[in-house]
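Note: hydrogens, waters and symmetry copies are ignored here, and every other heavy atom, side chains too, is used. Each ligand, and each atom within it, is numbered from 1 in the order the structure gives.
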Amino acid sequence: MAPSRIVELASSIEQNTRKVDDYFAANALPSPSFDPSTPPDLPLPPDIAQAKEAVLEAMDELQALLLGPMPKIFHDLIHTPTSLTSLHAIARFKWANSFGPTETTTTSKLAETAGLHKADVDRLVRHAISSRLLLEPSPGVIAHSAMSNTISNVPLLREWIEETCENMWSSAPRIVPAVEKWPGSEEPTETAWNLAHHTSENFFVSLGKDEAKAKRFADSMSFFQSAPDMQTSLVIDNYDWSKYKTIVDVGGSHGLVALELVKRFPEITATVQDLPEVISAAPTSVEPRERVTFQAYNFFTEQPVKDADVYLFRMIFHNWGDKYCLQILQNLIPALKKGAKIVINDHVVPEPGVLSLYKDRSVRAFDLVMKQCFNAKERSISDWTALLKKVDERFDIVEVKRPQGSQLQIIDVVWK
Ligand SMILES: C[S@@+](CC[C@H](N)C(=O)[O-])C[C@H]1O[C@@H](n2cnc3c(N)ncnc32)[C@H](O)[C@@H]1O
């Protein structure tokens, strides 16, 4: 008799866990634990990373099957709404940095650090212990776990957690009321974030008025971009820039990509465009200065740099709904010479049904974050094609490629 699905999943978990375990043993690596000495993340060779993914995926399905429909719904209803509460507290009150990696603390000391009532801290810390964010080696003694120690050691991770909890997590429960209130809206002022934060300003306008919040957002973006799969070198090394002389980096922030391009290619001159407040804070002492121009420009107005060889849009469109992407692209058309390239370096999500449900959930989660904060979205290749063709048939996708190890893809578009 063929094994049942749950036994099939259990044996996949067993076999793949052994592969991972053998790799740790063969390379004298410590077996995974919650000890604070555990490294924040361990790069694994592709076959071992694949075995690890297979375990996690099978565990996800096995848990849902073993729980059964009602308990699974109860489980989600009870665990999910508060799942981030203690992580939020640890980040917000800087608890992970309030005691050393080998020291211990108490809830009285944590309450004092945060200026909170001890009874509240007792409950937050109990939740953190149950989530393995902290350890309790003996009653009332609080020690670091692998996770709290990671929060205290990895630069800007704390800021990213706080930002995610305060802006993203706080808005998620308002997505349903927002789509009821503003059906089909693409306006960045009609979002779940607007409802959650009781404001009619868009996310970035509101952020711009609060220096501390703007800094936390910038820090958390720096954290996000410091990941190996987000490095600017991935678009620089995986596109043939040597064929071109003039590049415009639209929404290029402080010019990380453009500066590297002009350093590597002596023939290239680059213009970095962004909003005035971003350009005014851009570095002035860059080399080779004569080949980089910083220009204040709002991409909802006509593109002022005409006849450039390449217009680069790195992580621009995924912050905007189609209506606004259309405007950005229409504003580019008067500047385009025949054969000009438009390089879009952005997320391209797989078409529905391609990924397993487990992997697809991460894609859908990202897409909902774009919805809840900006009324924007993640796009599949058919979405990108439809968007470009809707603006003008003369936009033609030449190639779409994902450089190895890159989260973003390169969509190479020619103006015909
Ligand atoms: C997600 S960031 C990407 C920055 C950069 N391209 C990169 O890859 O790191 C989006 C950028 O778009 C800029 N931006 C937002 N609205 C803009 C507008 N209306 N005109 C020009 N730039 C804008 C932001 O200031 C920000 O630098």
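- For atom 12 (O) of ligand 1, the nearest non-hydrogen atom of the protein is Ile316 CD1, 3.6 Å.
- Taking only nitrogen or oxygen atoms, main chain and side chain alike, Asn298 reaches within less than 3.5 Å of ligand 1.
- For Asp360, the side-chain contact (heavy atoms from CB on, under 4.5 Å) criterion is met by Leu355, Val363, Arg364, not counting sequence neighbours.
- Of the listed residues (His318, Arg314, Gln327), the one carrying the non-hydrogen atom nearest atom 3 (C) of ligand 1 is Arg314.
- Which of Phe299, Phe313, Tyr297 comes nearest to atom 16 (N) of ligand 1 through a heavy atom is settled by distance: it is Phe299.
- Between Trp193 and Phe203, the distance from one ring center to the other falls under 6.0 angstrom.
- Per-residue contacts place Asn319 under 4.0 angstrom from the following atoms of ligand 1 (heavy atoms of the residue considered): 1 (C).
- Distances between N or O atoms of Gly251 and those of ligand 1 include at least one value under 3.5 Å.
- Relative orientation of the Phe299 and Trp320 rings is perpendicular, given thresholds of 30° and 60° on the angle between their planes.
- Checking only distances, Asp274 does come within under 3.5 Å of ligand 1, N or O to N or O.
- By the side-chain contact (heavy atoms from CB on, under 4.5 Å) test, Val205 is found to be paired with Glu201, Asn202, Lys209, residues two or more places apart in sequence or in another chain being considered.
- Below 3.5 Å of separation, one finds an N or O of Gln225 facing an N or O of ligand 1.
- Between Phe366 and His318, the gap from one ring centroid to the other reaches at least 6.0 Å.
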